[in-house]
Asker: 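Once you've had a glance at the structure underneath, I'll fire off some questions.
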Amino acid sequence: MKKYFKKLRPTLPSSSFDLNQNVNKTPPSSKEVIIEELVIDLENPPSDPGLRPNIMEYPPEKRDQVRRAYLLKGPCQPRNHNFPQTMDGDRKRRFIVSWFDDFKDWLEYSVEKDAAYCLYCYLFSADRERKHTNFVSEGFSAWRKKARLREHVGNHDSDHNQCRIACENLMNQSQSIQTAFSRQLEKSKIEYRCRLNASIGCLRYLLMQGLPFRGNDESENSTNQGNFLELLKFIASNNEEIRNVVLGNAPENPKLTSLDIQRDIINTAAFEITKAIILDMGDDLFSILVDECRDVSVKEKMRVIIRYVDSFGCVIEIFLGLVHVCDTSATLLLKGIKSLFSNYGLSIASLRGQGYDGASNMRGEFHGLKSLILKENSCAYYIHCFAHQLQLTLVVVVKKNLNVCSFFNTITRLCNVIGGSCKRRDMLREKQMEKVIAGISQGVIETGQGLNQEMTLKRPGDIRWGSHFGTLINLLHLFSSVIEVLEFVGENGNDDSQKAEAIDLIDIMLRFEFLFVLHLMIKILGITNGLSQVLQKKDQNIVNAMHLVKVSKCHLQQVRDDGWESLLKQVVEFCGENNVSEIDMQDMFIVRGRSRRRSEDMTNLHHYRVELFYSVIDMQLQELNNRFDEVNTSLLLCMACLDPKDSFYAFDMNKLIELAKFYPSEFPPIALIELEYQLGNFIIDVRMDKNLFKLSGIGDLAKRMVATRKHHVFPLVYLLVKLSLLLPVATATVERAFSAMKIIKSSLRNKMGDDLLNDCLVCYIERDVFANIDNDVVMKRFQSMKSRRGSL
């Protein structure tokens, strides 16, 4: 009876399945199914074979969809995983990674269960009523008996091969029922390919530009069908071959324009992009950059960026994926990262660096994400984002010094008054345009490409890199125009509060103290702004970043020692140009808001030179030393010995051997001995090679070693160079990914699902890779995702 009457929802043991996805109370979509009160994405089911539910637990009508998803994803083969050793027989044994090459089509490994599984048998053995306990439910872990793997395959009529044939038949659409009933003529196939190629081309353009593709009403008579259909119409109107087979001229069912078709094409494109990136990275080591942020739907998202060195010696930072997390605790973040890694066969054991913005849940010493990863992989060294450290330094200076803090409060008020009204912004532009035209006619202002661009006041932000410097530069150029706008508001404001605010701002801005602080902060921020911009480059390495920080400190010290006279001269000249009263530096300083009797016995020279000039610069230097104290650790100091500047002047063999000891997996004791000899030969060779002269950093050294084939001559030295490049300097790529998310998922597209958002982001952010993926590759996978009405 059990054979004919099966349970619709059999009970699933709680220990047999653990889903690394968020569980919402909302009903599941058509692409999801509930098993044991857990929502499972049928298009992206759990990757780890030890965490999968039995294939029979899925509804019968959904099983083929799940099987396709697993066959398209391929067997779970985490090649870079640190396979644990267990007692097997008389000694410790473990899984051998080379077995993936011997049985690459079906062999899987579960990180959670430390066991091997068979993908083919998992998908079809239950339907065939055959039992493969060792390779389906319990897993195979007798590592000393590799012959069992070949015995499992068996002869041509074995259970395994029967399951393999069933998988091949499922993916072979020429044998599907739909295709058998509709034997297409050659002309029909050509027309189907043409329609599919046109749909892929339209979506390719829209995705690479970050444009929306859906419309509010996609019916035939609608005037707002969306960019996808409108672009398809435009292409058809200019191409007779396409016009004859798409839209109205296409058959009713396979028009290839529905929402499901669009999503399948986008998912296929994103998969092929990530696949190309993973293939380029291979089994190499990598590091991660992680940050979390809310999207427009107020959903917490975690972005994961991968940093690796490609075959040409170039540092590559790529967007791996987006993970929706219901909580930003370190445990859930790590769980999301592991889930993402399992989808692409990556392992935490291959991590050699971590980069975060310094949030407590990321860098916590005991319970942060950094600490949790270090517990699993002690070689995944953490580097605080240099750009965030630099920005925090600037913010601290603003908050600690009362004069500077008051100055930036005035800047905020000024931005509110000028920027809070479109009319005042337009007035500011007009005033500045009149001055530029007058200056050009008098020959005072030069003309040329890129000069005299329109500018306005920008609001400074503590979390936006370089925003303070941009605000002050614009204010310096627009100063006289800003004063004229404030005078107009003070005379013609809508109410007394606006007039009083404008008059108060004029009184503050036309003082020597305000202009002095303005020029002082521009000089200080200008020194660190260059460092902030350079740190945002993808190929920046840790040694260059350390050097740039040192340069900024030295420059600030020079300004402190020798910059007082030049700064004072600039301020006095600016006061003369804008009719601001100068002050005598030998007079007594009067504190604003106090009477002369309560003022301290202090000259203007002492106040401006000691309490402002020296104090602010000293505070900046002190914060730079405190924030960047991590660059003094032995790890980073050892990496500095690889700096190729001045014919490898910093080269120190003992420190480089010490650096290699930080990575015991790559440099066991025997390799350390070989490395010592390679370093000795390497330094002699590179100092004699003219091709390696005038290199600017470790990044250039890696590229030149690959170009001259020296990475084959000195493989261990090149490995040290790669490990140095893997340490992330800044999380600028993550910040750019968040900016891209705001473009893709805007307030008008706030209902976009997590999977679609992730696929669109992959296509948009990695559009350089997308441009090199042929449409035929996308077509092939698209056809394999489901049973299509048409075939190629």
Side-chain angles (χ1 to χ4, degrees), residues 398 402-447 450-462 464 466-522 525 570-583 590-595 747:
V398 170
L402 294 179
N403 297 96
V404 177
C405 185
S406 175
F407 169 80
F408 277 103
N409 287 340
T410 303
I411 297 297
T412 302
R413 294 170 58 192
L414 179 63
C415 292
N416 291 335
V417 172
I418 300 295
S421 170
C422 298
K423 296 180 180 179
R424 294 169 197 164
R425 283 179 174 268
D426 292 339
M427 187 185 303
L428 179 61
R429 295 189 187 100
E430 292 174 0
K431 296 288 185 182
Q432 186 62 20
M433 185 185 300
E434 294 173 359
K435 294 183 182 299
V436 171
I437 293 174
I440 293 175
S441 62
Q442 297 173 5
V444 178
I445 299 178
E446 298 181 0
T447 59
L451 299 179
N452 307 315
Q453 296 291 316
E454 183 180 278
M455 61 178 64
T456 186
L457 291 181
K458 300 186 298 183
R459 188 180 303 276
D462 291 347
R464 295 198 296 270
S467 63
H468 293 77
F469 180 70
T471 300
L472 300 188
I473 284 292
N474 287 1
L475 177 59
L476 189 68
H477 284 85
L478 301 173
F479 186 82
S480 58
S481 300
V482 170
I483 294 297
E484 292 182 8
V485 173
L486 290 176
E487 290 175 347
F488 178 84
V489 175
E491 296 175 358
N492 305 286
N494 294 330
D495 51 47
D496 294 338
S497 62
Q498 288 185 358
K499 295 180 180 180
E501 182 77 6
I503 293 173
D504 190 32
L505 286 173
I506 293 174
D507 179 60
I508 296 174
M509 293 176 64
L510 293 180
R511 293 182 180 180
F512 183 85
E513 182 176 0
F514 179 87
L515 298 180
F516 182 87
V517 177
L518 173 63
H519 283 78
L520 174 63
M521 294 309 300
I522 288 177
L525 297 179
Q570 290 178 4
V571 177
V572 171
E573 291 177 355
F574 190 82
C575 290
E577 295 173 357
N578 293 275
N579 299 322
V580 177
S581 302
E582 301 179 19
I583 62 173
I590 305 299
V591 180
R592 187 158 56 98
R594 295 185 183 181
S595 64
S747 58

Asker: CE of M427 to CD1 of I418: how many Å apart, nearest 0.5 Å?
Answerer: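 CD1 of I418 is found 8.5 Å from CE of M427.
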Asker: Of all heavy-atom pairs between A502 and L486, which one has the smallest distance, and what is that distance?
Answerer: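 For A502 versus L486, the nearest heavy atoms are CB-O, 3.5 Å.
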Asker: Of all heavy-atom pairs between F469 and I522, which one has the smallest distance, and what is that distance?
Answerer: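 That would be CE1-O, 3.6 Å.
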Asker: Determine, stepwise, if the pair Q498 / V417 fulfils side chain to side chain contact (heavy atoms under 4.5 Å, CB included).
Answerer: CA-CA 8 Å; Q498 288 185 358; V417 172; over 6 Å; no
Asker: Test your reading of the model: is there a side-chain donor-acceptor pair from R424 to the backbone of V485, 3.5 Å cut-off?
Answerer: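 Here the side-chain-to-backbone pair does not exist.
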Asker: Minimum heavy-atom separation for M521 to F408, with atom names?
Answerer: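 M521 and F408 have their closest heavy atoms at CE-CE1, 4.1 Å.
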Asker: What is the distance from atom CG of L518 to atom CD1 of I473, rounded to the nearest 0.5 Å?
Answerer: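 Between L518 CG and I473 CD1, I get 8.5 Å after rounding to 0.5 Å.
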Asker: Can you tell me how far OG of S481 sits from CD of Q432, rounded to the nearest 0.5 angstrom?
Answerer: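 Going from the CD atom of Q432 to the OG atom of S481 covers 4.0 Å.
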Asker: Please examine the side chains of E501 and N416, heavy atoms only from C-beta on, and report whether any two atoms are closer than 4.5 Å.
Answerer: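 In short, these two side chains do not touch, never coming nearer than 4.5 Å.
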Asker: Show me the pairs that pass side-chain hydrogen bond (donor to acceptor under 3.5 Å, both in side chains) and involve residues 570-581, at least two apart or across chains.
Answerer: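 Those involving residues 570-581 do not exist here.
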Asker: Run the side chain to side chain contact (heavy atoms under 4.5 Å, CB included) check on V571 and L520 step by step: do they pass?
Answerer: CA-CA 9 Å; V571 177; L520 174 63; over 6 Å; no
Asker: Check the surroundings of atom NE2 in H477: do more than 12 heavy atoms from other residues, nucleotides or ligands lie under 6.0 Å from it?
Answerer: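 It does not: H477 NE2 has 12 such atoms or fewer within range.
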Asker: Does the distance from a Lys or Arg side-chain N to an Asp or Glu carboxylate O, for D426 and R429, drop under 4.0 Å?
Answerer: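 The answer is yes: the pair qualifies as a salt bridge.
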Asker: Please find the pair of heavy atoms, one from I508 and one from F514, that lie closest to each other, and give the distance.
Answerer: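 Distance-wise, the nearest heavy atoms are O-CB, 3.3 Å.
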Asker: Ring-plane angle category for F479 and F574, please: parallel below 30°, perpendicular beyond 60°, tilted otherwise.
Answerer: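 If you compare the ring of F479 with that of F574, the planes turn out perpendicular.
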Asker: What is the minimum heavy-atom distance between V517 and F407, and which atoms define it?
Answerer: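 Heavy atoms of V517 and F407 come nearest at CG1-CG, 3.5 Å.
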Asker: Distance from L414 atom CG to M509 atom CE, nearest 0.5 Å?
Answerer: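 Taking CG in L414 and CE in M509, the distance rounds to 5.0 Å.
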Asker: Could you measure the distance from the CD atom of E484 to the CG atom of L478? Nearest 0.5 Å is fine.
Answerer: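 Rounded to the nearest 0.5 Å, the CD-CG separation comes out at 11.5 Å.
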Asker: Return the minimal non-hydrogen interatomic distance between L475 and V482, and the atom names on each side.
Answerer: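 Looking at all heavy atoms of both residues, the shortest contact is CD1-CG2, 4.3 Å.
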